[in-house]
Asker: 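Please see the structure below; I have some questions.
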Amino acid sequence: MAYQPNSNDDIPDWLKDFPENSGDDSETDPIISSDDEKDGTDSQEHLSPDADMPDDISDVNEDIPQYSDDEAPNWLKNIRKLQSQTKPPQVSDEELDSKTTDSHGNDTPLIIEEPKNPEELSQKETDESNEDNSSNVDETQKTPKWLENIRLDQSKLPQSDEENLINEDWLDTVRDMHLEETQKQNIFKEESENKTEEETLPDKIESTPNWLDQVSEEDDTDDLELSEDGDLDNDMPTWLKEIIKGRRDEKENSLTSDHINSSTDDGSELKENSEENLEDQEKSDLEWAEQFKMDGINSQPEQIHEWPLASPEFDNEESIQKEEAAQIEKPQLSEDAAKKPLLDISDHLPSEEAVKKITPPINPTQNISLTDIQELHVSYIFDLLKSENAGQKIRNLKLPKPQRLIQVLLTLALIIGIIFPIFGGSTTPKPTSSSESSMSFYDEIENLSEGDRVLVAIDYQPGFVGELESGAGSVLEMVLTKGASISFISTLPSGPAMIEHLVTSQLLDQNLKSSEEYSSIGYIAGGSAALLRFAEDPQRIAIDYFQNDASKSQIRSITDYSLILVITDDLSIALAWLEQLQPKLIDSMNSKNISPFLMLTSAQLESIMYPYFSTYPQKIDGYISGIKGISQFEALSGDSSENDLWNGYSRGITITILMIIFGSAYQLITSRFATPQRLQDN
Amino acid sequence: MKNLTKAPISRIFAVASGLTFLATYFLDLSSIRMNILSWVTVLAAAALLLGLLNLLSVHIKRISNKKNVANSSALIISMLATFLITLFMGSKNPTTAWIFNNLIIPVEASLLAVLAVTFTYASLKLLSNKLNLYTGLFLFFFLLTLAGSAPIFGLEIPILQNQIGPWVSTVLAGAGARGILIGVALGTIASGIRVLLGADQPYTD
Amino acid sequence: MVTSILTSELIGYIVASILTILILSYTIGQNPLYKFIIHIFIGASAGYAGAIVLRDFLIPQIANMSFPQSIIPIILLVLISLKAFPQTARYGNISSALLLGVGTSMAIYGAILGTLIPFISSSSMIFSPSDVQQALQGNQIEKVILLVLQGTIILLGIITTLTYFQFTARKTTSGTPVRPKIINSLAKLGQGFIAITFGVIFAGIYSAALTAFVERIDFFLDLAKILQQTVK
């Protein structure tokens, strides 16, 4: 079950040269439970779940400090739970008492157990090899996804800490926190008025488990001074040098960038004293690197695999003494092995806990090491931020040839299908029945009497001339035949021209006398605000219109109009009328509209308008939608004249439906039998 | 904390004006409301003009950078010409009407007409691109509503055009539309409250 | 004079027809002429809108304001005009803030009064109680069943659609957020209602586009008639 790594690209040189198998991990493994030793309890009881894991995973887990059942992550608890079915749990009462839950009710690791002694660990190794493998299937089912992935894909070596990061969800929190901090710092450099870490960091820290807080505190306080005579470059492993070098490069780049020079706010000292901070940063890097040396690891490279101990967490006298004792018993390694310190422990991967120790102390003003994925994510965010201020380049959209061909064919089919029947003289019958809303609409227009004033809002874009203008013409023609006068208004700048177009193309036949039968308030700017203002006091928003005509000055409120008709294609405009102006029409006595409120909309708004029509009391007293609604209205009003649009539309719909049905079937069949190459081409 | 110190004056203005305006509804202070509304409508008109100035400056920059000179020049010339003609002659002037009726309306109507072709093409490709239950439902009810909107082959099918089509539009789609509208209203309230509390500042640069 | 008007009308028709053809050429892909026409169109639309805003609204509004009343709007106008220059743009935020603050209040008020209250207060009407009562009196059991079924569908549609927009989920032991099973099932049903609604709305948009297409074809037929008359 040991790993057979075939991809060592990301492994440091000194790690690549490790032998495939090594049985002496346990001898040198410094993770020794001092509590177990004191209490006389057998540490293998705690470690036994590893026996069911592949060796490589066991090795990883050995480097992770052992937790009590209650403190362990969920995946580990599951494994232990399974183990407890065969062996009685050895958890002490204190450990049980120490069980804590976070705010979400999830268990969180709190206290890291003391390292175990080497004898116990070697015993554990022996026990592991003798462990019954029958429970492996169940274990696999209960193990977390990341663990399963490792088992399934043995060719993939989780050599980098980033893979471990992905797998360990509770450690993700740590990484996320680091990432967020770095991102925030960088954002500070660009925008002086962005969020500070003071705002977000405490929240994050609060959400981290207690044990992590402890680690953070210790990291901050237990930093060791840089040894002046220490030749760090010679003693450090290659991978460590690369990290530090990378950081130096990053800082140099960041110093030369424009970001660092931008104006700053509190919490971004980096920008103000960038040079000073660079030195501090480098010093900090060297400090934590030097820490290994101070622990005597650098002088004895073959022991560098014990580097987790260098962290303050393990920096206690007892564990160091035990570690030294273990080192004495350890067999001497070859010269080659001495140069490459982890040579003797094949498949030894830095556990997540250990990786965490490499990172510098958690300090919002300092950079942290980022994995490739994290750096990629950071670059995405920066690109996003940059693109927010950058103008959008208009893409030169070139359609693929098949699409062009099909679109041309569709256009020709539609044109021929619509024009051809005209020469044959075929006509389409108007709808024989009308919807409830169309009938209500018609009834309200029918109820108009001579002298009534009708407010008509021309709130549609010029593109909808074809759909809405002919309908508006039919409706207004009926309004004029009832002897009512029309006042046009618009909340769109194109409104005045649309009003003129409508009157010229549709209503001139009615011998309109502009001053008596129709007038135009024109454009009122401000959208919803303008509508609300008009609803409450029409004379103040359309001063010129009302001042010039005494008869119009009688209009003091929106309810002075006998009927309000809104013609629109836009949902937001329709909602503005419904939400701002219509409530002013409601009669407080019976909750009904004092003046009927009607809508003539594009077909796309039909199902959106219906809920407003079906409320009780009705918000809309009637509406017609699209060419179908207009045809229904014409049929109701007894207009038997031929409607060219309706004829063409009916034919267009027939062709469209046929094309979509047969085209979809063809596409489905061809895509089913298409080769991957053809699919790619398509 | 930093967020609260960002653009404090603007924030105070937004929160104060928003809350004051909201209070005028409940305290029936219509005169104050009308005054605020008059300021807002004037500001909205000015904002639209600023947008146009921005458009103009972008294309002037493009010309100075020698990017898309022909197109940008055409835009600026047509913009200034239409602006000046309409400003001095008014919207009822024949020249203004000619520009509107023979340039703006045909182009915009044609743009909408092109959509008919591209939508047909998109509908053709829909099932082959993504075949699942929801795509099937979408396409089926799209075709059903189209078929219910007009006679097919010049023949009216009463059950389709008078019963099924309207039922789908009002009951099935109407139910979904109600849910969407309520959702939109709730979303508007939620995001509005964030602005009134000063948590969101869409008014800052 | 009559001749000149006819001529300008004819020229207008020809220009409009050429523009229409160039825009429809987009079906074979974007081309330089299409882009050129689009730029002219944007310029003309913007210029027209600007002139109307200034001439029909802004100037009359300011001109009709008396001195003490006009102080605040003029200050606000000056501030918002500072947004035109990058160096002073931040001072314009005050005017934008007023615009947004008031707009937000209006939106909240409108959403509550214009949509939420009417929809909630009329929710009892979903089952059409008066129609059901009438049907019961007339022993029309089938109609009663139909009305109840219809009401149930509408109620289900509203609830499930709203449920679909409920994105709160609990974190499972594996760390992945998962919605409760009931909510998930309702949300899937809601997704179906949304698919139907969007299908119907899309049909409406298609209908509008097709009408515009038919109108453009009619325009060419009209042009043909005019040209025929002119030749005669």
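Because the structure is predicted, anything quoted here is derived from the model rather than measured. Letters A, B, ... are given to chains in the order of the sequence lines, protein chains preceding strands, and every chain is numbered from 1.
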Asker: Using a 4.5 angstrom heavy-atom cutoff, name the option from C/T160, C/V102, C/T211, C/L54 with the most pairs to chain B.
Answerer: C/V102

Asker: Please determine, among B/F138, B/Y121, B/F141, B/F100, the option with the most heavy-atom pairs under 4.5 Å with chain C.
Answerer: B/F138

Asker: Please classify the contact of C/I38 with chain B as side chain, backbone, both or neither, using a heavy-atom distance under 4.5 Å.
Answerer: side chain

Asker: Using non-hydrogen atoms and a 4.5 Å limit, figure out which bit of C/M65 sits close to chain B: side chain, backbone, both or neither.
Answerer: side chain

Asker: B/Y25 vs C/Y109 aromatic rings, parallel, tilted or perpendicular, using cut-offs 30° and 60°?
Answerer: parallel

Asker: Find the distance between OG (C/S95) and CZ (B/F13) and round it off to the nearest 0.5 Å.
Answerer: 8.0 Å

Asker: How far apart are the closest heavy atoms of C/A97 and B/S17, and which atoms are they?
Answerer: O-OG, 4.0 Å

Asker: Tell me, do C/L210 and B/F119 make a side-chain contact under 4.5 Å, heavy atoms counted?
Answerer: no

Asker: Between B/F88 and chain C, with a heavy-atom cut-off of 4.5 Å, which part of the residue counts as in contact: side chain, backbone, both or neither?
Answerer: backbone

Asker: Which atoms of C/I37 come close to chain B, meaning under 4.5 Å heavy atom to heavy atom: side chain ones, backbone ones, both, or neither?
Answerer: side chain

Asker: Heavy atoms only: give me the nearest B/V42-C/L58 pair and the separation to one decimal.
Answerer: O-CD1, 3.6 Å

Asker: Which one of C/D56, C/I72, C/L79, C/L24 has the most heavy-atom pairs closer than 4.5 Å to chain B?
Answerer: C/I72

Asker: Mind listing the closest non-hydrogen atom pair of B/A175 and C/I158 along with its distance?
Answerer: O-CG1, 3.8 Å

Asker: For chain C, which candidate among B/T170, B/L52, B/L115 shows the most heavy-atom pairs at distances under 4.5 Å?
Answerer: B/L52

Asker: Of all heavy-atom pairs between B/F21 and C/M106, which one has the smallest distance, and what is that distance?
Answerer: CE2-CG, 3.2 Å

Asker: So, does B/T82 use its side chain to make a donor-acceptor pair with the main chain of C/G47 at under 3.5 Å?
Answerer: no

Asker: Identify the two heavy atoms, one from C/G101 and one from B/L196, that lie closest to each other, and give their separation to 0.1 Å.
Answerer: O-CD2, 4.1 Å

Asker: Taking all heavy atoms of B/T86 and all of C/R55, pick out the closest pair and write down the distance.
Answerer: O-CD, 3.6 Å

Asker: For chain C, find which of B/V107, B/V40, B/V195 contributes the most heavy-atom pairs closer than 4.5 angstrom.
Answerer: B/V107

Asker: Given a strict heavy-atom distance threshold of 4.5 Å, which part of B/S149 is in contact with chain C: side chain, backbone, both, or neither?
Answerer: neither

Asker: Considering only heavy atoms, which portion of B/T96 lies under 4.5 Å from any heavy atom of chain C: side chain, backbone, both, or neither?
Answerer: side chain

Asker: For chain C, which candidate among B/A177, B/A116, B/S78 shows the most heavy-atom pairs at distances under 4.5 Å?
Answerer: B/S78

Asker: Counting only non-hydrogen atoms closer than 4.5 Å, does C/S105 touch chain B with its backbone (N, CA, C, O), its side chain (CB onward), both, or neither?
Answerer: both

Asker: Compute whether any side-chain donor of one residue and acceptor of the other, for B/T120 and C/Y206, lie under 3.5 angstrom apart.
Answerer: yes

Asker: Measure the shortest side-chain to side-chain distance between C/V200 and B/F142 over non-hydrogen atoms and say whether it is less than 4.5 angstrom.
Answerer: no

Asker: Where on B/N71 is there a heavy atom nearer than 4.5 Å to chain C: the side chain, the backbone, both, or neither?
Answerer: both

Asker: Residues of residues 186-193 of chain B under 4.5 Å from chain C (heavy atom pairs)?
Answerer: B/L186, B/T188, B/I189, B/G192, B/I193

Asker: Count the heavy atoms belonging to other residues, nucleotides or ligands that lie under 6.0 Å from CD1 of B/I159, then report whether that count exceeds 12.
Answerer: no

Asker: Quick check for you: among C/F202, C/F165, C/F213, C/F36, which has the greatest number of heavy-atom pairs under 4.5 Å with chain B?
Answerer: C/F202

Asker: Only pairs of heavy atoms separated by less than 4.5 Å count here; which of B/S73, B/A109, B/G183 has the most with chain C?
Answerer: B/A109

Asker: Could you tell me which of C/T20, C/V214, C/T115, C/I205 has the largest number of non-hydrogen atom pairs under 4.5 Å with chain B?
Answerer: C/T20

Asker: Of the backbone (N, CA, C, O) and the side chain (C-beta and beyond), which part of B/L103 lies under 4.5 Å from a heavy atom of chain C, both, or neither?
Answerer: both

Asker: Does atom CZ of C/F220 have more than 12 heavy-atom neighbours, drawn from other residues, nucleotides or ligands, at distances under 6.0 Å?
Answerer: yes

Asker: Of the backbone (N, CA, C, O) and the side chain (C-beta and beyond), which part of B/L181 lies under 4.5 Å from a heavy atom of chain C, both, or neither?
Answerer: both

Asker: So which residue, C/L156, C/I112, C/L100, C/I94, ends up with the most heavy-atom pairs under 4.5 Å with chain B?
Answerer: C/I94

Asker: Heavy-atom cut-off 4.5 Å, strictly under: side chain, backbone, both or neither for B/V117 against chain C?
Answerer: side chain

Asker: Heavy-atom cut-off 4.5 Å, strictly under: side chain, backbone, both or neither for B/I180 against chain C?
Answerer: both

Asker: So which of C/F57, C/Y13, C/F193 has the largest heavy-atom pair count under 4.5 angstrom toward chain B?
Answerer: C/F57

Asker: With a 4.5 angstrom heavy-atom cut-off, is it the side chain or the backbone of C/Q191 that approaches chain B, or both, or neither?
Answerer: both

Asker: Ignoring hydrogens and angles, write down the donor-acceptor pairs under 3.5 Å from the side chains of residues 145-152 of chain C, residues two or more places apart or on other chains.
Answerer:
{"residue": "C/Q150", "atom": "OE1", "partner": "B/W167", "partner atom": "NE1", "Å": "3.3"}
{"residue": "C/T152", "atom": "OG1", "partner": "C/V148", "partner atom": "O", "Å": "2.6"}

Asker: Can you tell me which of B/T41, B/T135, B/L37, B/V168 forms the most heavy-atom pairs within a distance under 4.5 Å of chain C?
Answerer: B/T41

Asker: Would you say C/Y48's side chain and B/S91's backbone share a donor-acceptor pair under 3.5 angstrom?
Answerer: no

Asker: Rounded at 0.5 Å granularity, tell me how far CD1 in C/I120 sits from CD1 in B/I182.
Answerer: 6.5 Å

Asker: Is C/Y91 in contact with chain B via its backbone, its side chain, both, or neither, using a 4.5 Å heavy-atom distance?
Answerer: neither

Asker: Contact part of B/L43 toward chain C, heavy-atom cut-off under 4.5 Å: side chain, backbone, both or neither?
Answerer: both

